[in-house]
Amino acid sequence: MGEYSRRNFLKGSVVGLAAMAGAGALAGCAPKGAGSGGGAAKDGMTYADTIEWNGEYDVVVVGFGGAGAVAARYAAEEGARVLLIDKAPLGNEGGNTRYCGQLIVYSEDKEAMKKYYAGLAAGHDLPEDVLETYCQGLTETKQMLINDFDVPEENFQHWKDDCSLQPLIAHFLPEYPEIEGGEALDLISVNREEQGFSHLWKAYRKKIDSMSDKIDVWCNAPATHLFQDPVSKAVIGLTVEKDGEPVNVRALNGVVLSCGGFENNKTMVEGYLGLSKFTVSGTLFNTGDGIKLASEVGADFWHMEAYEGNCFHFGGVSFPIKETEHSLRSVMNNPYLVSGSYVVVGDDGQRYMT
Ligand SMILES: Cc1cc2nc3c(=O)[nH]c(=O)nc-3n(C[C@H](O)[C@H](O)[C@H](O)COP(=O)(O)OP(=O)(O)OC[C@H]3O[C@@H](n4cnc5c(N)ncnc54)[C@H](O)[C@@H]3O)c2cc1C
């Protein structure tokens, strides 16, 4: 069971960070103006001049989940004109950020978190700067949500203080008590009254809506191709299938790939994770497009075999979950989850997980 436990969460997260950093290295770090294809000038023409652009932004953010919302918000604050796109139709955007348990890992003790997360990632390469940045972020998340996403401080629930509303959450505090540093880990959520119900996602959505003068949002708009200057290697734009029509958007200062994982891409799941029987919880739209797009422009990958267990439920077989087990838990507060097998059916009757 440990193979799909939250122990792999950090490893999965590091994949996400690497993908973001890769996107930055490929795109965002290009000097201002490089996006115009300056590196490939020939006969007064640049590579960018050879493309029929339908629109232009400073920054394009691919994927409107939590990562995309945060990237778009801060780019806009820095003065960028931002396009934020999502593959899902309007009303389904938000990715797993929308459907997840809305629990945020938080701590006031960065050094303890570094020990804990280094322990969680044991056996994998974990560069010090990645660990440092990740754990620094854990200590800043609450203040960031207060200052930059308008979440009132009094709305926060600190689960370490009180788990009586949802006793199962205590199992994550910490999930691996045998690893040093875990005692300093807290889980917080942004609504004291109600756990879940997309409250974190709603805070992100509201903030993005309030910045509509700086951020355009397109739903039903998957990114399908990145344009890369052949000389400078800068990513200078992308093709978006906007409502089914290809649109070439120039990105003067970078493209951010924040388009989730590959849990709904059966081939990738089988190939990278070796899983064949499973159902997927969360969004239907994370199909590994970011992996394909980044591959297209020469990105390297790491830790592809590590994954976050919340995304998968294994079809056909239901697992009995024992209260004492540390390896598989669900944040859903249903007594049947700790006493036997279960099947959860969506309220439209179309989707299920076991
Ligand atoms: C059931 C469940 C419960 C969870 N509970 C928790 C929890 O309580 N706490 C926690 O910390 N983590 C939890 N997680 C994990 C957490 O949800 C994710 O790690 C997090 O939401 C990832 O955020 P993201 O922005 O990277 O991706 P996502 O939120 O998944 O967003 C990716 C977005 O990219 C879009 N997209 C995909 N392809 C394209 C494309 N080609 N072009 C444009 N857009 C595209 C998708 O439509 C999606 O909206 C849970 C996950 C699940 C599935």
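Indexing begins at 1, ligand by ligand and atom by atom, following the structure's order.
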- Query: Testing R192, E193, E194, Q157 for side chain to side chain donor-acceptor pair (under 3.5 Å) with H199, which one passes?
  - Reply: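 Between H199 and the candidates, side chain to side chain donor-acceptor pair (under 3.5 Å) is satisfied uniquely by E194.
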- Message: Checking side chain to side chain donor-acceptor pair (under 3.5 Å) between E263 and each of N96, T283, T287, which is the one that passes?
- Response: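 The single option meeting the side chain to side chain donor-acceptor pair (under 3.5 Å) with E263 is N96.
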Using a 4.0 Å cutoff against the non-hydrogen atoms of [X], which atoms of ligand 1 qualify?
X	answer
N286	30 (O), 32 (C), 33 (C), 34 (O), 37 (C), 46 (C), 48 (C)
G65	25 (O), 29 (O), 31 (O)
S258	32 (C), 34 (O)
G95	28 (P), 29 (O), 30 (O), 31 (O), 48 (C), 49 (O)
G94	29 (O), 49 (O)
F285	37 (C), 38 (N), 47 (O)
G260	27 (O), 32 (C)

- For ligand 1, indicate whether the residue Q102 contacts it via side chain, backbone, both or neither (heavy-atom separation under 4.0 Å).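 Under 4.0 Å from ligand 1, Q102 contributes backbone atoms alone.
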- Message: Under 4.0 Å, heavy-atom basis, I'd like to know which part of D289 is in contact with ligand 1: side chain, backbone, both or neither.
- Response: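 The side chain, only.
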Using distance alone, determine whether [X] and ligand 1 share an N or O pair under 3.5 Å.
X	answer
T283	no
L103	yes
G66	yes
G101	yes
V62	no
A223	yes
E93	no
N96	yes

- Message: Using a strict threshold of under 4.0 Å (side-chain N to carboxylate O), is an ion pair present between K110 and E132?
- Response: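 Result for this pair is yes, salt bridge flagged.
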- K115/E111 ion pair, N-O < 4.0 Å: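 No, K115 and E111 are not salt-bridged.
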- ring pair (Phe, Tyr, Trp, His ring centres under 6.0 Å) between W201 and F64, worked out: CA-CA 10 Å; W201 155 251; F64 188 3; 5.0 Å; yes
- Shortest non-hydrogen contact from V82 to Y57?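 For V82 and Y57, the tightest heavy-atom pair comes out as C-CD2, 3.6 Å.
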- Query: Looking only at heavy atoms, what is the nearest atom pair of I208 and A69, with distance?
  - Reply: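 Scanning both residues completely, I find the closest heavy atoms to be CD1-O, 3.5 Å.
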[Y] and [X] side chains, donor-acceptor separation under 3.5 Å:
X	Y	answer
N253	D58	no
Q102	N191	no
S164	D162	yes

- Query: Which residue, L257, I85, L83, forms the side chain to side chain contact (heavy atoms under 4.5 Å, CB included) with L238?
  - Reply: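 Exactly one option meets the side chain to side chain contact (heavy atoms under 4.5 Å, CB included) with L238, and it is I85.
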- Task: Determine, considering heavy atoms only, which of A67, A71, C100 sits nearest to atom 14 (N) of ligand 1.
- Result: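 Heavy atom nearest to atom 14 (N) of ligand 1 belongs to C100.
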